[in-house]
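Written out below as structure tokens is the structure these notes cover.
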Number of protein chains: 2
Amino acid sequence: MTTLKELAALLNISVSTVSKALNDSHEISENTRIRVKELATKLNYKPNRIAQQLKTNKSKTIGVILPTVTNPFFAEVLHGIEKTANANDYDIIVCLSNETLHKEQRSLELLSNGSVDGFIIAVARESQVEQQTEHIKATLKTDTPVLMFDRVVHDVDCNKVIVDDFQSVYAATEHLIVHDKRKHILLVSNIEELSVGKLRIEGYTKALNDHKLEAQILNLDHAGDGDVERKIYDYLEAHPNVDAILSIDHITGIVAINMAKKLGRAIPSDLSVVGFGYEHTQVLSSPKISIIHQKAFKMGEISTKLLIDNIKDKTLKSRTVVVPSELNLSESVEVHPQF
Amino acid sequence: MTTLKELAALLNISVSTVSKALNDSHEISENTRIRVKELATKLNYKPNRIAQQLKTNKSKTIGVILPTVTNPFFAEVLHGIEKTANANDYDIIVCLSNETLHKEQRSLELLSNGSVDGFIIAVARESQVEQQTEHIKATLKTDTPVLMFDRVVHDVDCNKVIVDDFQSVYAATEHLIVHDKRKHILLVSNIEELSVGKLRIEGYTKALNDHKLEAQILNLDHAGDGDVERKIYDYLEAHPNVDAILSIDHITGIVAINMAKKLGRAIPSDLSVVGFGYEHTQVLSSPKISIIHQKAFKMGEISTKLLIDNIKDKTLKSRTVVVPSELNLSESVEVHPQF
DNA sequence: TTGTATGCGTTATCAC
DNA sequence: GTGATAACGCATACAA
């Protein structure tokens, strides 16, 4: 890699002159500036980023800690983060906690040494269930901004970007009741332990209460793939009066549709199905599932923006931004009526 | 952030003594070593990674450039990369090319300044279609190792990790012919432009030729979501003799199952369906789709291992590793016979 | 307009 | 056993 020193030697001038020339300093003559720049491009000179970072004590890098990236929600958020970070001249270092507290702690530790200027984090299932917050508080104490999104630990004072979990499920449930005239709405859940799961269930329960209907919940936490199908099938078979299914994740709704069809239920006439979903969710189901579409990409964008603002001005006080979801009804994707 | 200098000042000893003490140098007395370490932990000292990087001229960081991360294949590969990198004390900086050559070039450019010790890259659709390789060759010339996976440009001399696209599809096709006794196998494709798509199609064509059967291909490149369903539906309706469908991506196979059911085809008795798939693919289809399971996670692991070896010894000559896929037949996931 | 000197935080070499 | 000094590559305050 070409360095300033090498350029200086070749041109018989000092290192600082070269540096200034490349940075378009006014104190450098037109002539030498051109000479310097020509040689620089010729030798494909690029300032060593590490050296610059050491000098300025800024890494222009954001640490992103995600529970997983195979969940399409987090994948989309990551996309939003990456795009916004790049647009603002930041790189991102990605760590996956794999839903464990231990890896999350370790990642924070390892990057809290000047490697990154701030963190964007969705806490691991374990961290959230056990309400572990010390590692995050410790990071904040070192004056490194942290932004939490989606999976949030409330006990920590930092910027937060969350989904309107309660609201969106409340609205979806109410839509099933009021618009679809459903009375026996089954909630299917495999994330009951998470705060987002709890909020979604509360939204569902509240809506049912407000309309004097009874809640019924099929909990699939820790169920294997085969079990999910079987349990949904068995439940539907045993409860033929179920006329709507609300899934609070991005998988079980589609499974429910498949099981309902197998049982001969007509969708959507006999049974409405709503789930959470992302880019391709609706393409994969037939008949189309209605989805609560979380604006994952947007969450990534907003999170990054907030964090960068916080990095630039650490006196900013913490905010919590709620990103509203969108209810995409199955009708709206019925592009071709014959299907 | 605590520095060596601060520790030294507080202990009234020199910076170099502190440094040696922390690095367990033999030339330091038991006594001072303990004093130093105690203060260090007390003040939560961590060596500044940037300074170390400048000193050693190594970033211990890998640049990962992916076309997208919302495709589950790349998400799983990323998972494998992250895990292996971390296990070897490397961080990863992730860039998403969004399938554009321009962003890919830019990412390589921006990170080729000491930020990373090497690259793992799956080239963008555009780069591959247009056979653009200059940016990669330029990077290699700066003595920065590059490893390409999945989407490979053959014209470049570097380590490569690829899927057995031709073989796996050949084998799957032959299975449909020999085991399932199918004679009219439709190939559904939305990635015909990519090298992996071409190879998969060749595998299919070769198998059919070898068994004196005729190929029929439904090309869905650039089709919108609604169009995909319609085109598959229309094709199946117009060609009632189709007795097997082979999808070479992770979406259209499931769509095909749904459309076939809508047309009253019995699966798998009337129609076999095989697609590419990952973690949750089979859960989402009913009846179960058979999938060619690419070992994405493993590819990530192997890629990272190879790259790190290459970083440590740049004289190593380039290798190409083929990671075999696995044919997961639908029967093997029929955990519950009643379904 | 150009050059010299200094420092970012660390490690390594060499004296003492 | 300890410390002074230099160096990584860059940027900048200060001289000339």
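A, B, ... follow the sequence lines: proteins, then strands. Residue 1 opens every chain.
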Query raised in the report: Which part of the nucleic acid, if any, lies within reach of Glu27(B) when heavy atoms closer than 4.0 Å are counted: base, sugar-phosphate only, or nothing?
Result: base
Report task. Using atom CG of Leu22(B) as one end and atom P of dG9(C) as the other, report the distance to the nearest whole Å. Result -> 15 Å
Query raised in the report: Given atom CD1 of Ile34(B) and atom P of dG1(D), what is their separation to the nearest angstrom?
Result: 14 Å
Query raised in the report: Can you find a side chain N or O atom of Lys46(B) that sits less than 4.0 Å from OP1 or OP2 on dG9(C)?
Result: no
Query raised in the report: Which of the following nucleotides, dC8(D), dA11(D), dC8(C), is nearest to the side chain of Asn23(A)?
Result: dA11(D)
Query raised in the report: Has the side chain of Lys55(A) got a donor or acceptor that lies under 3.5 Å from a partner of the other kind on the base of dG9(D)?
Result: no
Requested in this report: Answer yes or no: is there a donor N or O on one side and an acceptor on the other, between the side chain of Gln53(A) and the main chain of Lys58(A), under 3.5 Å?
Outcome: no
Query - Phosphate-side-chain proximity, Lys58(B) and dC8(D), N/O vs OP1/OP2 below 4.0 Å - result: no
Query - First encountered from the 5' end of DNA chain D, between Ile13(B) and Val15(A) - result: Ile13(B)
Query raised in the report: Do any N or O atoms from the side chain of Asp313(B) and from the backbone of Thr315(B) form a donor-acceptor pair under 3.5 angstrom?
Result: yes
Report summary line: Between Ser19(B) and Lys20(A), whichever has its closest DNA chain C nucleotide further toward 5' is Lys20(A)
**Report entry** Asp143(A) backbone acceptor or donor facing Lys314(A) side chain under 3.5 Å
**Finding:** yes
Query - Ser16(A) side-chain N/O to dA11(D) phosphate OP1/OP2 under 4.0 Å - result: no
Report task. Write down the distance between CD (Gln53(A)) and P (dG9(D)), rounded to a whole number of angstrom. Result -> 15 Å
Requested in this report: Identify which nucleotide among dT10(C), dT2(C), dG9(C) has an atom closest to any side-chain atom of Leu54(B), counting heavy atoms from C-beta outward.
Outcome: dG9(C)
Query raised in the report: Is Ser14(B) near enough to dG3(D) that one of its side-chain N or O atoms lies under 4.0 angstrom from OP1 or OP2?
Result: yes
Query raised in the report: Does the distance from a Lys or Arg side-chain N to an Asp or Glu carboxylate O, for Lys37(A) and Asp24(A), drop under 4.0 Å?
Result: yes
Query raised in the report: With a 4.0 Å cut-off on heavy atoms, is Thr32(B) in touch with a base, just the backbone sugar-phosphate, or nothing at all?
Result: sugar-phosphate
Query raised in the report: From Ile65(A) CD1 over to Phe119(A) CZ, what is the distance, rounded to the nearest 0.5 angstrom?
Result: 5.5 Å
Report task. Would you tell me if any nitrogen or oxygen in the side chain of Thr3(A) comes within less than 4.0 Å of OP1 or OP2 on dG9(D)? Result -> no
Report task. Output yes when at least one side-chain N/O atom of Thr56(A) is less than 4.0 Å from OP1 or OP2 of dC8(C), else no. Result -> no
Query raised in the report: What's the CD1-P distance between Ile50(A) and dA11(D), to the nearest Å?
Result: 13 Å
Report task. Answer yes or no: does a side-chain N or O of Asn48(B) lie under 4.0 Å from OP1 or OP2 of dC8(C)? Result -> no
Query raised in the report: Taking the nucleotide of DNA chain D with the closest heavy atom to each, which residue, Val18(B) or Arg49(A), is nearer the 5' end?
Result: Val18(B)
